[in-house]
A.B. asks: 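Would you mind keeping the following structure in view while I ask a few things?
Values reported hereafter were calculated over all heavy atoms of this structure, with side chains retained and with hydrogens, waters and symmetry mates removed.
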Amino acid sequence: MHPSAIESAFALFLRVVAGYCLLFGILYWVRLIGLYDGPLWRFDLMPIHWQVAAVTLSVFFPFAAIGLWMLSSWGPVIWFICAVTEIAMYAGFPELFGSRPLIVVSHIAVALIYAAFRIVLHLKRRRAAH
């Protein structure tokens, strides 16, 4: 049985989000190993709150990317942890992490699109069962 158009679109959406997660993970790794010559862009120069956040997200974002790319059920869960962490960082503690409204809005937009896909797929399956 072939996947429907909505199922194919959902898989494509998850893989696009996986690409962004991999990119974010790489950016956190660049920050950790000090390849960029900016302020606080080396682990040993970061305050402790940035050290904790950068280490956590440098591991979780690539892990989320793998789960999303493989269309595994745990991929969106790990992405959600990353998204909530960054939203808390940039919206909840802007005095510590700076204000990054574009990242906050993008995470919220991805969550809303994900929820819309899940609702549509649920309704489609429920209609097919009757």
Side-chain angles (χ1 to χ4, degrees):
M1 183 170 170
H2 295 282
S4 68
I6 191 74
E7 291 168 332
S8 295
F10 184 52
L12 177 63
F13 168 74
L14 291 177
R15 289 193 169 141
V16 168
V17 174
Y20 280 107
C21 285
L22 186 59
L23 175 66
F24 286 157
I26 290 169
L27 292 175
Y28 276 105
W29 274 105
V30 164
R31 176 171 233 163
L32 285 177
I33 60 177
L35 287 179
Y36 181 80
D37 245 358
L40 304 179
W41 275 81
R42 239 180 50 204
F43 185 78
D44 60 329
L45 300 177
M46 291 179 195
I48 188 72
H49 58 273
W50 260 113
Q51 288 177 347
V52 171
V55 167
T56 302
L57 293 172
S58 70
V59 173
F60 273 42
F61 266 124
F63 191 53
I66 292 167
L68 290 166
W69 189 267
M70 294 185 339
L71 308 176
S72 298
S73 61
W74 51 267
V77 174
I78 303 301
W79 170 83
F80 182 77
I81 292 169
C82 296
V84 167
T85 301
E86 282 199 324
I87 289 170
M89 287 167 55
Y90 297 125
F93 301 99
E95 67 281 355
L96 295 176
F97 296 100
S99 179
R100 306 281 302 266
L102 188 57
I103 289 178
V104 172
V105 169
S106 68
H107 284 313
I108 293 169
V110 168
L112 291 174
I113 294 168
Y114 177 83
F117 267 118
R118 295 299 297 190
I119 289 167
V120 169
L121 287 168
H122 173 73
L123 293 174
K124 182 180 177 291
R125 289 184 185 122
R126 199 168 84 179
R127 243 182 284 134
H130 285 93

A.B. asks: Just how far is it from atom CD of E7 to atom NZ of K124, taken to the nearest 0.5 Å?
C.D. replies: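 If we round to the nearest 0.5 Å, E7:CD and K124:NZ are 4.5 Å apart.
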A.B. asks: Quick check: is I6 connected to L71 through a chain of hydrophobic side chains (ILVMFWY, heavy atoms under 4.5 Å apart)?
C.D. replies: yes
A.B. asks: If you compare all heavy atoms of A91 against all heavy atoms of P94, which two are closest, and at what distance to 0.1 Å?
C.D. replies: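 In this case the closest contact between A91 and P94 is O-CD, 3.7 Å.
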A.B. asks: Can you check whether W79 reaches V110 side chain to side chain, under 4.5 Å on heavy atoms?
C.D. replies: yes
A.B. asks: Quick one: are V17 and F13 in side-chain contact, heavy atoms under 4.5 Å?
C.D. replies: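 Yes, side chains in contact.
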A.B. asks: Which word best sums up how the rings of F97 and W50 line up, parallel for under 30°, tilted for 30 to 60°, or perpendicular for over 60°?
C.D. replies: perpendicular
A.B. asks: Decide yes or no on side chain to side chain contact (heavy atoms under 4.5 Å, CB included) for Y20 and V16, but give the supporting numbers first.
C.D. replies: CA-CA 7 Å; Y20 280 107; V16 168; 3.8 Å; yes
A.B. asks: Tell me, yes or no, whether the heavy-atom count around R15 atom CZ, taken from other residues, nucleotides or ligands under 6.0 Å, exceeds 12.
C.D. replies: yes
A.B. asks: I need the T56 OG1 to F61 CZ distance, nearest 0.5 Å.
C.D. replies: 11.5 Å
A.B. asks: Are L112 and L12 connected in the hydrophobic side-chain network, where two residues link if heavy atoms are under 4.5 Å apart?
C.D. replies: no
A.B. asks: Would the distance check show the side chain of Q51 and the main-chain N or O of F43 forming a donor-acceptor pair, the cut-off being under 3.5 Å?
C.D. replies: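 Yes; judged by distance alone, with no hydrogens or angles, the pair exists.
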A.B. asks: Using every non-hydrogen atom in the two residues, find where V77 and S73 come nearest and quote the distance to one decimal.
C.D. replies: CG2-O, 3.8 Å
A.B. asks: Is there side-chain contact between I66 and W74, with heavy atoms separated by less than 4.5 Å?
C.D. replies: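 The answer is yes; the side chains approach within 4.5 Å.
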A.B. asks: If you apply the rule side chain to side chain contact (heavy atoms under 4.5 Å, CB included), what do you find for I87 with I108, and how did you get there?
C.D. replies: CA-CA 9 Å; I87 289 170; I108 293 169; 4.1 Å; yes
A.B. asks: Between atom OG of S58 and atom CZ of R31, what is the distance when rounded to the nearest 0.5 Å?
C.D. replies: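 Output value for this atom pair is 11.5 Å.
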A.B. asks: Within a reach of under 6.0 Å around CZ of F60, are more than 12 heavy atoms found that belong to other residues, nucleotides or ligands?
C.D. replies: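 No - once you tally the heavy atoms of other residues, nucleotides and ligands closer than 6.0 Å, there are 12 at most.
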A.B. asks: List the residues meeting side-chain hydrogen bond (donor to acceptor under 3.5 Å, both in side chains) with R42, not counting sequence neighbours, and say none if there are none.
C.D. replies: D44
A.B. asks: Looking only at non-hydrogen atoms, find the nearest pair between L57 and E86 and report the distance.
C.D. replies: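 Scanning both residues completely, I find the closest heavy atoms to be CD1-CG, 3.7 Å.
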A.B. asks: Under 4.5 Å between side-chain heavy atoms, counting indirect links through other Ile/Leu/Val/Met/Phe/Trp/Tyr residues: same cluster for W29 and V55 or not?
C.D. replies: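 Shared cluster, yes.
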A.B. asks: I'd like to check M89 versus I103 (side-chain heavy atoms, cut-off strictly below 4.5 Å). Are they in contact?
C.D. replies: no
A.B. asks: Grab the two heavy atoms, one from C21 and one from L68, that are nearest each other, plus how far apart they are.
C.D. replies: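 Reported closest heavy-atom pair: SG-CD1, 3.9 Å.
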A.B. asks: For F10 and Y114, what are the C-alpha separation, side-chain angles and deciding distance, and is it a ring pair (Phe, Tyr, Trp, His ring centres under 6.0 Å)?
C.D. replies: CA-CA 8 Å; F10 184 52; Y114 177 83; 5.6 Å; yes
A.B. asks: Do V84 and H107 make a side-chain contact, defined as non-hydrogen atoms from C-beta onward lying under 4.5 Å apart?
C.D. replies: no
A.B. asks: Does CZ belonging to F80 count more than 12 external heavy atoms closer than 6.0 Å?
C.D. replies: no
